[in-house]
Amino acid sequence: MTRRFPIPATLVATVLLAPGALGAQQRPLTPAEAVDAVLSTHPTLLAAVARIEGAEADAARARSAWLPGVVADGGVTRFQEPMIVAPLHGFDPTRPPSFERTLVQGRLGVAWTVYDGGARGARIDGSRAGADAADARRTGAEAGLLEEAAAAYLGVQTARELLRATEAWLEALAAEADLARQRVDEGAAPRVAVLRADAALSDARAQAAAARARLDVAQRSLARLMGVPVTAVADRPMATVRPASATPVERDGPASETAAVRAARLAAAAAETRVAEARAGRAPSVNAAAGLLTFGSTAGAFDTEWQAGVQVSWPLFTGGARGATVRRSQADLTAARADLRAAELKADEARAGARAAVEEAAARRNALEASVVQWEEVARIEALALAAGAGVQTDFLRAQASLFQARAGRTAAVADEALARVRLARAQADLTPRTLITLLEIVP
């Protein structure tokens, strides 16, 4: 005679229903809010911005060489013996020069480099390339932080969903363990049924402990990136996101220049200017200068005169230093060009890997979504059959474990696909705060 046992509502509900949401007392944390916090507080981006300001200052200093330099100086000198107050430009016996022990001198001078073989222009071009390279590195740092923020946000979301799935599994197994004890007490099932249910329950508890640990690590990682206490993340609900785009990945589309490639290209351009600057050392330099000079003493007799001149300087022999400087700059240029090629190859490899990762994650998500639906139905049937006394406990426990694995796999696949699309956008030089928000669609 088959005995029928009442099946608790939680047993079927945990099998059929997806895990519920966290509490809604607070406004959910969104990817946009997380990104804003990361970009406004992370030291990596702050340092990149400071380097841009420094590079722009270097460029301004280099451009200032096009303008003449104006210098004003003066001094008061006390001599042991009386000294002539002003230079003698002739000798008139009727007007002897003045002598004083304390002399006052002043000078207002203007100097300008008329020609230096192109070194000045090369320095200006190099400093401009350096400023642009600093900006490219800031763009790259921002894209890297956006990817880290997306990974951390998805990591917390995945860890929370896995914990909820584990807790749902625990509830179902706990209900089955209670039913198994009831069957054993009534003599309708052997003692091993309780042992099997308890063993499965212990395994689920171990999985739940691991899920809680992963969640703690993920929340701490996101909090560090955002620059907030971990409680600001742990005690707050999160908006659930999913990949927004399901369009096929273009494999042969035009590729934009990534920030790393642009920085390497600008570094090569700066190296070219250093070669030109080094070669300019072989040419003579022409400098023009003019000034007003004032001579006087504490007695108040002051004379002012002007002076102007042109100076030509041409180092004929430097002991090999000039040639060594040229060779060093040429070697730096060769290395910079090789770095540029390496950056281009790395960017191509990153794009290919990101495209493959998107396709793989999307295919895995589709397969696991179908698997979840199938295992939910299998688990429902096994639960009903077991409650009716027509099922086998091992089949029910196996179905429950398989359903948990399918749900966990689907959760991870959704996060992997979203993160893969973010990485693809970065590899295609299209990852900005605006595009990141469009890639991570909030589930209503």
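Keep in mind that what you see is a predicted model, and the values were worked out from it rather than measured.
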Legend entry - Residue pair Glu161, Val414: steps toward the side chain to side chain contact (heavy atoms under 4.5 Å, CB included) verdict: CA-CA 11 Å; Glu161 292 181 358; Val414 170; over 6 Å; no
Inset, instruction - Check step by step if salt bridge (Lys or Arg N to Asp or Glu O under 4.0 Å) holds for Arg164 and Glu167. - result: CA-CA 5 Å; Arg164 286 193 288 263; Glu167 290 173 346; over 6 Å; no
Inset, instruction - Verify salt bridge (Lys or Arg N to Asp or Glu O under 4.0 Å) between Glu369 and Arg365, making sure each step is shown before the conclusion. - result: CA-CA 6 Å; Glu369 284 178 348; Arg365 174 181 57 81; 3.3 Å; yes
Legend entry - side chain to side chain contact (heavy atoms under 4.5 Å, CB included) evaluation trace for Asp135 with Arg262: CA-CA 10 Å; Asp135 182 68; Arg262 180 168 174 260; 3.8 Å; yes
Legend entry - Residue pair Asp198, Arg205: steps toward the salt bridge (Lys or Arg N to Asp or Glu O under 4.0 Å) verdict: CA-CA 10 Å; Asp198 287 343; Arg205 285 171 179 160; over 6 Å; no
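Side-chain atoms of Val310 and Asn287, non-hydrogen and from C-beta on, never get closer than 4.5 Å to each other. Between Leu170 and Leu201, some side-chain heavy-atom pair lies under the 4.5 Å cut-off. Residues Glu377 and Arg380 are in side-chain contact: their nearest non-hydrogen atoms beyond the backbone lie under 4.5 Å apart. Using a 4.5 Å heavy-atom cutoff, the side chains of Arg138 and Arg51 are not in contact. Between Leu222 and Leu29, some side-chain heavy-atom pair lies under the 4.5 Å cut-off. Side-chain contact between Glu142 and Pro433 is present, with at least one heavy-atom pair separated by less than 4.5 Å.
Residue pairs satisfying the salt bridge (Lys or Arg N to Asp or Glu O under 4.0 Å) criterion with at least one member in residues 389-402, sequence neighbours excluded, are listed as follows: Asp395-Arg398. Among pairs with a residue in residues 208-222, those fulfilling salt bridge (Lys or Arg N to Asp or Glu O under 4.0 Å) read Asp216-Arg220, at least two apart in sequence or across chains. For residues 429-438, the set of pairs meeting the salt bridge (Lys or Arg N to Asp or Glu O under 4.0 Å) definition, not counting sequence neighbours, is empty.
Without hydrogens or angle criteria, Ser371 side chain to Leu368 main chain gives no donor-acceptor distance under 3.5 Å. For the pair Arg242 (side chain) and Ala418 (backbone), a donor-acceptor distance under 3.5 Å is absent. Judged by distance alone, with hydrogens and angles left aside, the side-chain atoms of Thr158 form no donor-acceptor pair with the main-chain N or O of Gly155 at under 3.5 Å. Although no hydrogens or angles enter the test, the distance criterion places no donor-acceptor pair under 3.5 Å between the side chain of Gln157 and the main chain of Met238.
Electrostatic pairing of Arg265 and Glu344 counts as a salt bridge here, judged by a charged N lying under 4.0 Å from a carboxylate O. Remark: Arg364 does not engage Glu417 in a salt bridge, criterion side-chain N to carboxylate O under 4.0 Å. Salt bridge annotation for Arg423-Asp416: absent, with no cationic side-chain nitrogen under 4.0 angstrom from a carboxylate oxygen.
Among residues two or more places apart in sequence or in another chain, the side chain to side chain donor-acceptor pair (under 3.5 Å) test is passed with Ser402 by none.
For CZ of Arg120, the number of neighbouring non-hydrogen atoms (other residues, nucleotides, ligands) closer than 6.0 Å is greater than 12.
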Below 3.5 Å, can you tabulate the donor-acceptor pairs from side chains in residues 268-284 to any protein atom, sequence neighbours excluded?
from, atom 1, to, atom 2, distance (Å)
Glu272, OE2, Arg337, NH2, 3.1
Thr273, OG1, Ala270, O, 2.5
Glu277, OE2, Arg123, NH1, 3.4

If you look only at distance, which donor and acceptor atoms sit under 3.5 Å apart when one is on a side chain in residues 34-48 and the other is two or more places apart or in another chain?
from, atom 1, to, atom 2, distance (Å)
Ser40, OG, Asp36, O, 2.8
Ser40, OG, Ala37, O, 3.2
Thr41, OG1, Ala37, O, 2.7
Thr41, OG1, Met226, O, 3.2
His42, ND1, Thr44, N, 3.1
His42, ND1, Thr44, OG1, 3.2

